[in-house]
K.L.:
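Sharing a structure, written as structure tokens. Questions coming.
All values below were derived from every heavy atom in this structure, side-chain atoms included, with hydrogens, water molecules and symmetry-related copies excluded. First listed ligand is number 1; within each ligand, the first listed atom is number 1. Keep in mind it's a predicted model, so treat the numbers as computed, not measured.
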Amino acid sequence: MEEKPLRNTEHLRRVFEVTLNRVLLTWKELQTKKKRVSGKIHNTFKAGSYSVPVSEIVAVRETEVDSRTKDDGRWQKMSQKPSEAYPYAFTVSCVERASRHRWRCSDVTFHCTDGLVCQQWVQTIREQLSLLTCRPKHLLVYINPYGGKQQGKRIYEEKVAPLFSRASVSTDVIVTEHANHAREHLKTEAELKKYDGVVCVGGDGMFSEVIHGLITRTQRDCGVDQDSAEERLVPCGLRIGIIPAGSTDCICYATVGINDPVTSALHIIVGDSQPLDVCSVHHNNTFLKYSVSLLGYGFYGDVLADSERKRWMGPARYDFSGVKTFLTHNYYEGTVSFLPATDVLGSPRDKTVCTTGCYVCQRNGQLLSEANQDYRVDEDASDSECDGDWRVIRGKFLAINAASMSCACPRSPKGLSPSAHLADGTTDLILVRKCSRINFLRHLLRHTSKDDQFDLDFVEVHRVRKFRFTPRHCESDADLQLDLREGGAGKRLFSQICRDHPACGCTPIYSSWNCDGEILPHAAIQVGVHSQLIQLFARGIEEKPVFEDAGVPCVA
Ligand SMILES: CCCCCCCCCCCCC/C=C/[C@@H](O)[C@H](COP(=O)(O)O)NC(=O)CCCCC
Ligand SMILES: Nc1ncnc2c1ncn2[C@@H]1O[C@H](COP(=O)(O)OP(=O)(O)O)[C@@H](O)[C@H]1O
Ligand SMILES: [Ca+2]
């Protein structure tokens, strides 16, 4: 569609030619300005051409024309009122990129002389928007009113709901009444066919509830037994959106680039899709949990366990428990076995970062489905240093972390594994061996600086498809006999008792797993990555936000 001339209110004294095709809405300035250079008058073009991708238009509406106009923050009368010269107007709301991956909804108003033309513009833009089938129309929203600083409800009502309604996205909203409310509702009751997606308002724990409900429901509907670690899981049909209102918001931060509710709402509205790997966690052929970000034993498990008792502190509980756990300096013995991902592009220390449209994720996803590989956990893998493709490492560990994504968050903007990929079918297994407090502090501090946290001789990192961990005390009878002879059993039993009595100061022999911020009390687990099992309303982190802080959405 082509029309001219139209005016937009950002530049009220300027006339633009506005064009619309399937991809772009563009407005080009028609007016020239006279400039005097060494006594001669020259015509010069000022500013020029502006455009916004149709895919980033949130909504369009006819606008009531006011006889006043705003200039530099003050209302002024113009010599000729726009309402007289251009009595009709429509407003396009679109995505505007601000700093640090933040998106905002910005309005551009176009004035014209003819009412019919104005209506035609609105109708045509609406038609274009209706062709964008990736956009959700009806969403199921769960709000955790107790997540983070307990602002979930307010954040949704004040920042998100108005945007959804402007974009004509309808919603069914459930404010959860107890933990696991969302999970159970999704598993059993929710009429999923009605919706184009599920949105959670909360932190990583709330997201975890939603994926558990959705994945479990999908597997049950498809007759897949979740208890079998070898089963190929069926991908979920519904996309998931996260409105960050939690304490760490790592999943949101690592998939969008920022934990900002308006940005996430806009990614949902424009219908972005980002596939995500999911780890399944089993113990002896019993399904325990799914994880998409961090599975952490030792340090992060202990931080979480301690912090859960201090929920009343809000997000600051992690800082308190972080310092306390650091000072406690517990290490844990056991065996880590893993299946390295040898046939993939990328490695944990290659300094690449997973970004929008990531080639590594696309290629590895493709390779996996072509090869239709089935990496089965070899239950007979012995304690040898290398067993088939599996590698086995025994030792004393301060932390065992599996990062299936970077785990970037406000505390560590580059994350636990800065080069981990969202959808490459692997997880980065980070082993931090027992070391001095000062060395461990060096390692931790490097999460917050440019220095490489893996470049330390007590830290190693492997990109893997599967792994398992067996704590030392349940390794084998032979170990138990040896331990008994060494007088270890008493200490061990004592430690087991003292786990529940931290005041006595004994060193516990077990940690627990931090599974996306939820405590997993089992120490012995086996983990497998399911490539691209779920889809988020996100697009990964945009490499170079185009024209940051521009006054208009996109300057051509
Ligand atoms: C002395 C300086 C220490 C600096 C250490 C910085 C390292 C931070 C890495 C944090 C990785 C966080 C991974 C994400 C975990 C979340 O899933 C989990 C739950 O989030 P939520 O549901 O939103 O509450 N958060 C945590 O486990 C907190 C870990 C904090 C560790 C200090
Ligand atoms: N209404 C509720 N009351 C209490 N706990 C809830 C409720 N809804 C969800 N939860 C639980 O709250 C926990 C933390 O939620 P989350 O949204 O991740 O906040 P945070 O980031 O502060 O941990 C999750 O384990 C979730 O299951
Ligand atoms: Ca991954």
K.L.:
Quick one: does G322 get within less than 4.0 Å of ligand 1, heavy atoms only?
P.N.:
no

K.L.:
Just to check, does H181 reach to within less than 4.0 Å of ligand 2 when the distance is taken from its heavy atoms?
P.N.:
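No; H181 lies far enough from ligand 2 that no heavy-atom distance drops under 4.0 Å.
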
K.L.:
I want to know if ligand 2 touches G147 in the polar sense, i.e. an N/O pair below 3.5 angstrom.
P.N.:
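No; every N/O pair is 3.5 Å or more apart.
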
K.L.:
Which residue owns the protein heavy atom closest to atom 5 (N) of ligand 2, what's the atom, and how far is it?
P.N.:
A179 N, 3.7 Å

K.L.:
I need the contact type for S247 against ligand 1. Using non-hydrogen atoms and a strict under-4.0 Å cut-off, is it side chain, backbone, both or neither?
P.N.:
both

K.L.:
Do H101 and I541 have side chains that get closer than 4.5 Å, going by heavy atoms?
P.N.:
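Side chain of H101 against side chain of I541, heavy atoms only: contact under 4.5 Å found.
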
K.L.:
Go through ligand 1 atom by atom and flag the ones less than 4.0 Å from a non-hydrogen atom of D249.
P.N.:
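Once the distances to D249 are compared, the set is 23 (O).
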
K.L.:
With a heavy-atom distance limit of 4.0 Å, tell me whether D204 approaches ligand 1 through its side chain, its backbone, both, or neither.
P.N.:
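Both the backbone and the side chain of D204 come within reach of ligand 1.
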
K.L.:
Under 4.0 Å from a heavy atom of M206: which atoms of ligand 2 are those, numbered in the order shown and with their elements?
P.N.:
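Reading through ligand 2 atom by atom, the close ones are 9 (C), 16 (P), 17 (O), 18 (O).
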
K.L.:
Which bit of Y300 gets closer than 4.0 Å to ligand 1, counting heavy atoms only: side chain, backbone, both or neither?
P.N.:
side chain

K.L.:
In terms of heavy-atom contacts, does CG of L327 have more than 12 from other residues, nucleotides or ligands at under 6.0 Å?
P.N.:
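Counting neighbours around CG of L327, more than 12 heavy atoms of other residues, nucleotides or ligands fall under 6.0 Å, so yes.
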
K.L.:
Is any side-chain heavy atom of R104 closer than 4.5 Å to one of V95?
P.N.:
no

K.L.:
Here's a test for you: under salt bridge (charged side-chain N to carboxylate O under 4.0 Å, His left out), which of R363, R465, R463 qualifies with D343?
P.N.:
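Option passing the salt bridge (charged side-chain N to carboxylate O under 4.0 Å, His left out) with D343: R465.
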
K.L.:
Report the member of L445, L295, L416 with the shortest heavy-atom distance to atom 11 (C) of ligand 1.
P.N.:
L416

K.L.:
Examine the proximity of ligand 2 to V175 and report which part, side chain or backbone, both or neither, has a heavy atom under 4.0 Å away.
P.N.:
neither

K.L.:
Step through the shown structure and confirm whether more than 12 heavy atoms of other residues, nucleotides or ligands are within 6.0 Å of NZ on K149.
P.N.:
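Counting other residues, nucleotides and ligands, NZ of K149 stays at 12 neighbours or fewer.
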
K.L.:
Specify which N/O/S atom of D424 comes nearest to the Ca ion (ligand 3), by atom name.
P.N.:
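The nearest such atom is OD1.
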
K.L.:
So is there a nitrogen or oxygen of N144 less than 3.5 Å from a nitrogen or oxygen in ligand 2?
P.N.:
yes

K.L.:
Under 6.0 Å between the ring centres of Y297 and Y300?
P.N.:
no

K.L.:
Taking 4.0 angstrom as the limit and counting only heavy atoms of R311, give me the atoms of ligand 2 inside it, by number and element.
P.N.:
13 (C), 14 (C), 20 (P), 22 (O), 23 (O)

K.L.:
Does a side-chain heavy-atom distance below 4.5 Å link C250 with L294?
P.N.:
no

K.L.:
Has ligand 2 got any nitrogen or oxygen that is less than 3.5 angstrom from a nitrogen or oxygen of G202?
P.N.:
no

K.L.:
Are V201 and Y142 side-chain neighbours, meaning at least one heavy-atom pair lies under 4.5 Å?
P.N.:
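The answer is no, as the side chains (C-beta and beyond) never meet within the 4.5 Å cut-off.
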
K.L.:
For G205, take its heavy atoms, then give the atoms of ligand 1 lying under 4.0 Å from any of them.
P.N.:
22 (O)

K.L.:
If you count every heavy atom of other residues, nucleotides or ligands that lies below 6.0 Å from F454 atom CZ, does the total exceed 12?
P.N.:
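Buried by this count: over 12 neighbours within 6.0 Å.
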
K.L.:
May I ask you to check whether Y146 has an N/O atom sitting below 3.5 Å from an N/O atom of ligand 2?
P.N.:
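No: no nitrogen or oxygen of Y146 is under 3.5 Å from one in ligand 2.
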
K.L.:
Hey, is there an N, O or S on S404 sitting under 3.0 Å from the Ca ion (ligand 3)?
P.N.:
yes

K.L.:
In terms of ring plane angle, is the pair H185 and H181 parallel, tilted or perpendicular, where the classes change at 30° and 60°?
P.N.:
perpendicular

K.L.:
How about NZ on K153, more than 12 heavy atoms from neighbouring residues, nucleotides or ligands closer than 6.0 Å, or not?
P.N.:
no

K.L.:
Kindly indicate whether the side chain of L345, heavy atoms from C-beta on, has any atom under 4.5 Å from the side chain of Y359.
P.N.:
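Yes. Closest side-chain heavy atoms under 4.5 Å.
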
K.L.:
Backbone or side chain, does D277 get an N/O/S atom under 3.0 Å to the Ca ion (ligand 3)?
P.N.:
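A backbone or side-chain N, O or S atom of D277 is under 3.0 Å from the Ca ion (ligand 3).
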
K.L.:
Quick one: does R183's side chain have a donor or acceptor within less than 3.5 Å of a partner on L214's backbone?
P.N.:
no

K.L.:
Heavy-atom contacts with D204 under 4.0 Å: which atoms of ligand 2 show up? List them by number with element.
P.N.:
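Heavy-atom distances to D204 below 4.0 Å select 18 (O).
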
K.L.:
Check for me whether Q150 has a heavy atom closer than 4.0 Å to any atom of ligand 2.
P.N.:
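No; Q150 lies far enough from ligand 2 that no heavy-atom distance drops under 4.0 Å.
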
K.L.:
Pick, from A254, C409, G202, the option with the minimum heavy-atom distance to atom 10 (C) of ligand 1.
P.N.:
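That would be C409.
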
K.L.:
With heavy-atom distances below 4.0 Å as the criterion, list the atoms of ligand 1 near D516.
P.N.:
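Matching atoms, with element in brackets: 17 (O).
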
K.L.:
Just which atoms of ligand 2 are under 4.0 Å from any heavy atom in S247?
P.N.:
20 (P), 21 (O), 22 (O)

K.L.:
Within 3.0 Å of the Ca ion (ligand 3), is there any N, O or S atom belonging to T426?
P.N.:
yes

K.L.:
Can you tell me which portion of E177 lies within the under-4.0 Å heavy-atom range of ligand 2? Options are side chain, backbone, both, or neither.
P.N.:
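It is the backbone that touches ligand 2; the side chain stays farther off.
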
K.L.:
Please classify the E209 to ligand 2 contact at 4.0 Å (heavy-atom distances, strictly less than): side chain, backbone, both or neither.
P.N.:
side chain

K.L.:
With a cut-off of 4.0 Å, which atoms of ligand 2 are near a heavy atom of G148?
P.N.:
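Taking each heavy atom of G148 in turn, ligand 2 has 19 (O), 20 (P), 22 (O) under 4.0 Å.
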
K.L.:
Which ligand 2 atoms are under 4.0 Å away from a heavy-atom of G205?
P.N.:
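Selected atoms, number and element: 18 (O).
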
K.L.:
Distance under 4.0 Å to a non-hydrogen atom of G246: what atoms of ligand 2 satisfy this?
P.N.:
21 (O)

K.L.:
Which of these passes side-chain contact (heavy atoms from CB on, under 4.5 Å) with H421: P348, C361, S404, S406?
P.N.:
C361

K.L.:
Once you restrict to heavy atoms under 4.0 Å, what part of H212 touches ligand 2? Side chain, backbone, both or neither.
P.N.:
neither

K.L.:
I need the atoms of ligand 2 closer than 4.0 Å to a non-hydrogen atom of T176, numbered in the order shown.
P.N.:
1 (N), 2 (C), 7 (C), 8 (N), 9 (C)

K.L.:
Regarding H421, does it place an N, O or S atom less than 3.0 Å from the Ca ion (ligand 3)?
P.N.:
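So H421 does bind the Ca ion (ligand 3) by this criterion.
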
K.L.:
With a 4.0 Å heavy-atom cut-off (strictly under), which part of N514 contacts ligand 1: side chain, backbone, both or neither?
P.N.:
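The part of N514 near ligand 1 is the side chain, not the backbone.
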
